[in-house]
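Take a look at the structure below.
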Amino acid sequence: MPLPYHERTHDCGALRASDVGKTVLLAGWVDNFRDLGGMVFVDLRDRGGITQVRFDPTTDPRAHEVARALRSEYVIVVRGEVVHRGDKVNPNLPTGEIEVKAHEIDLLSKSKTPPFMIADDIETNEDLRLENRFLDVRRTPVRRALMLRHRITKTIRDYFDRHGFLDIETPILTKSTPEGARDYLVPSRLQHGSFYALPQSPQLFKQLLMIGGLDRYMQIARCFRDEDLRADRQPEFTQVDVEMAFVQPENVMQHIEACMAEVAEAAVGVEVPLPLPRISYADAMRKYGRDAPDLRYDMTIKDVTAAVAGAEFNVFRDAVAAGGVVRCIVLTGGASMTRKETDGLTEEIKGIGAGGLPLVKVADEGGKTVFQTGIAKFIDTDTIRPKVLEASGARPGDLILFAAGTEANVSKYLGWLRTTLAERRGLIPKDQWAFCWVVDFPLFGYDEEARAIYPMHHPFTSPKDEDLHLMRVGDPELPPREDLLKVRAKAYDLVLNGIELGGGSIRIHRSDVQARMFQILGLSEEDARAKFQFLMEALQYGAPPHGGIALGLDRTVMLFGGFSSLRDVIAFPKNARAVCPLTDAPSVVTREQLKDLGLDRLHE
RNA sequence: GGGGCUGUAGCUCAAUUGGUCAGAGCGCCGGCCUGUCACGCCGGAGGUUGCGGGUUCGAGCCCCGUCAGCCUCGCCA
């Protein structure tokens with residue numbers, strides 16, 4: 001009689017010494033087998049873990065005979081007795097105190113030899129793993145990632161459910177949304193020549209839900225963007241999408257940080273102190289050189305513009321004369337860097353656009369602190385040196401690295417140096433979870449090349465109340481550019497360990513302000529209507545003040561799981577060329593399919 | 001679209017300056033083995049060196065092209 005595999009009593013990670021004496025039914029895959037000639041040991045694996053099963057020819061000859069023919073990844077079901085291993089416990093296994101003495105076994109399914117070993121620590125090329133993802137997910141790290149992802153999404157859903165948010169689905173076949181990425185298009189069979197777009201985000205729909213009076217919305221939403229990929233970018237990805245009515249930024253931030261604290265607790269068992277620190281965009285750029293600061297370590301950027309005033313160093317002098325700044329970071333103990341190392345850094349920073357890398361080493365010379373090498377001959381004077389030391393906080397043994405020029409460039413270079421040096425010199429503490437909010441973003445940016453004002457976030461972002469006057473709503477004249485660049489937005493980004501988890505804003509709910517916004521962006525009323533017609537219309541029927549946020553779920557799981565690629569936390573990811581190695585999508589379709597859609601194959 | 005790295009057995013890799021270099025470990029197959037848990041021991045099979053072309057007496061190695069994978073800039077919140 002076949003064993004009733006549908007009546008499993010435990011999973012393969014469940015049994016402990018307290019279960020000794022029980023008769024159990026386990027099913028799973030052969031992880032490993034050791035045939036000692038007489039005794040056969042099988043490590044049986046399922047989602048729960050691994051249990052050793054023993055086959056003894058003297059007591060169960062028939063089961064033993066079947067067991068001898070087992071191979072890796074065969075699927076079996078066994079019935080037997082839980083016995084204690086005595087002095088043979090395996091401390092490496094949670095179930096290592098016991099084993100199952102099998103009395104009966106059924107072979108349910110054979111397996112070809114897998115193309116790679118199903119082991120935790122294999123170093124196989126990722127392509128092969130993705131082609132055989134159904135085997136890859138049998139490995140503990142992959143399974144652990146997917147289980148963590150489930151735990152996190154479940155925590156998020158529970159949080160929002162508890163706080164009155166409605167989980168509402170929005171269309172996948174839709175119209176292009178305002179984000180700037182390329183759309184994935186889906187041709188219409190019923191209207192040849194027309195296309196749906198897959199949503200880059202549910203942005204407009206969630207705003208409509210607020211205007212519709214649903215008050216609180218959330219969705220774990222799939223989003224699509226047809227751009228080139230990176231380790232942290234996939235063509236389809238998942239956002240935790242949230243929107244609330246009658247709120248200011250603080251309301252949204254408080255919910256999100258409370259939710260993320262629960263996620264951190266559930267994912268890594270860490271208690272995140274609330275409220276999270278808030279840093280203005282301007283401060284983040286000035287102190288950390290990035291709009292997504294990594295607060296796990298210090299090494300902040302210091303301003304030395306005043307301290308180096310009067311230095312006979314043209315790079316500094318020209319920068320200040322042009323209205324720029326001189327700033328630096330201090331690398332503690334960096335004076336031990338060799339000339340080769342600092343030259344290498346110089347080359348690298350030139351690669352991101354810097355003209356060079358001015359630096360000095362700080363040394364102690366007979367009780368006196370002095371600057372050496374680099375640009376020491378320009379700034380190692382009794383007037384400048386003390387001021388630089390004071391402003392930078394540098395001490396003997398340190399290395400001071402400078403950048404001079406426009407604020408934006410100086411931030412870029414020093415921000416790069418800060419993160420690069422911290423990474424390479426191991427200054428980043430492990431197992432820390434440094435969240436922060438970056439707030440007070442500029443509403444507009446200016447694209448030097450296109451000579452155009454563009455929205456930093458998206459065109460529905462509300463200005464801060466105290467900056468609204470700068471937009472001169474109602475005035476036929478457009479405000480000057482420098483005024484516009486001063487306008488701060490009701491926008492906020494959530495950052496974890498220097499990586500942006502997501503961002504959001506309070507939206508414009510006044511149709512006159514929204515119209516002004518489009519005007520400033522150079523979008524004609526017709527363009528705006530063509531693109532966002534339904535939202536423009538809706539805004540005229542009593543739109544409540546509303547706002548929300550979108551968080552990258554994949555990135556969140558990646559960070560909490562300690563992974564370095566989004567592919568590690570997605571069940572069936574695409575590769576760097578947006579191909580699914582498992583299904584081989586995208587693929588060619590038949591002529592008939594094209595004909596139905598009114599499409600012709602393009603010839604290059 | 002640009003740049004970089006990689007491609008040798010099922011997997012991970014090695015092969016000095018171009019010269020018996022087609023190799024190792026794991027896996028796989030067969031045999032032996034009653035306390036293994038990375039079991040052990042003995043034996044065996046397995047290769048279009050990504051693909052195409054070129055240089056050369058001779059190419060895994062050099063050159064050109066091409067394909068694929070990864071990283072990255074552009075692009076993209």
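Below, read A as the first sequence line, B as the second, and so on, with proteins coming before strands; counting in each chain starts at 1.
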Using a strict threshold of under 4.0 Å (side-chain N to carboxylate O), is an ion pair present between A:Arg555 and A:Asp232?
yes
Any side-chain N or O of A:Arg225 below 4.0 angstrom from OP1/OP2 of B:rC75?
no
Counting only side-chain nitrogens and oxygens, does A:Ser72 get under 4.0 Å of the OP1 or OP2 atom of B:rC28?
yes
Does [N] have a Watson-Crick or wobble partner in any strand here, with both distances under 3.5 angstrom, and which is it?
| N | value |
| --- | --- |
| B:rA45 | none |
| B:rG58 | none |
| B:rU66 | B:rG50 |
| B:rA24 | B:rU12 |

Which class fits the ring pair A:Tyr281 and A:Phe441: parallel under 30°, tilted 30 to 60°, perpendicular over 60°?
tilted
Tell me whether the rings of A:Phe560 and A:Phe435 are parallel (<30°), tilted (30 to 60°) or perpendicular (>60°).
tilted
Summarise protein proximity over nucleotides 33-40 of chain B in one line of letters, 5' to 3': B for base, S for sugar-phosphate only, - for none, counting protein heavy atoms closer than 4.0 Å.
BBBBBSB-
Please list, in numerical order, the residues of residues 567-586 of chain A that have a heavy atom closer than 4.0 Å to any atom of RNA chain B.
A:Arg567, A:Asn575, A:Ala576, A:Arg577
Rounded to the nearest Å, what distance is computed from the [atom1] atom of residue [X] to the [atom2] atom of nucleotide [N]?
| X | N | atom1 | atom2 | value |
| --- | --- | --- | --- | --- |
| A:Met117 | B:rA9 | CE | P | 15 Å |
| A:Asp232 | B:rC75 | CG | P | 16 Å |
| A:Leu128 | B:rC13 | CG | P | 12 Å |
| A:Ile118 | B:rC28 | CD1 | C1' | 15 Å |
| A:Glu227 | B:rU72 | CD | C1' | 16 Å |
| A:Arg230 | B:rG69 | CZ | C1' | 16 Å |
| A:Leu553 | B:rA77 | CG | P | 19 Å |
| A:Tyr454 | B:rC75 | OH | C1' | 14 Å |

Closest listed nucleotide, where the reference is the side chain of A:Arg233 and the choices are B:rC75, B:rU12, B:rA77
B:rC75
Using a distance-only criterion (donor-acceptor N/O pair, under 3.5 Å, no hydrogens), is the base of B:rG74 paired with the side chain of A:Asp228?
yes
Can you find a donor-acceptor pair, distance only, under 3.5 Å between A:Arg129 side chain and B:rC11 base?
no
Nearest heavy-atom neighbours spanning [X] and [Y]:
| X | Y | value |
| --- | --- | --- |
| A:Arg225 | A:Gln200 | NH2-O, 2.9 Å |
| A:Asp46 | A:Gly13 | OD1-N, 4.4 Å |
| A:Ser72 | A:Ser111 | O-CB, 3.8 Å |

Classify the nucleic acid contact of A:Ala231 as base, sugar-phosphate or nothing, counting any heavy atom under 4.0 Å across all strands shown.
sugar-phosphate
From A:Arg507, A:Lys206, A:Gln207, residue fulfilling side chain to side chain donor-acceptor pair (under 3.5 Å) relative to A:His546:
A:Gln207
Other residues, nucleotides and ligands only: do more than 12 of their heavy atoms fall within 6.0 Å of CZ on A:Arg47?
no
Between A:Asp440 and A:Tyr492, is there a side-chain donor-acceptor contact under 3.5 Å, judged purely by atom types and distance?
no
Per nearest nucleotide of RNA chain B, the residue lying toward the 5' end, A:Thr113 or A:Phe237, is A:Thr113
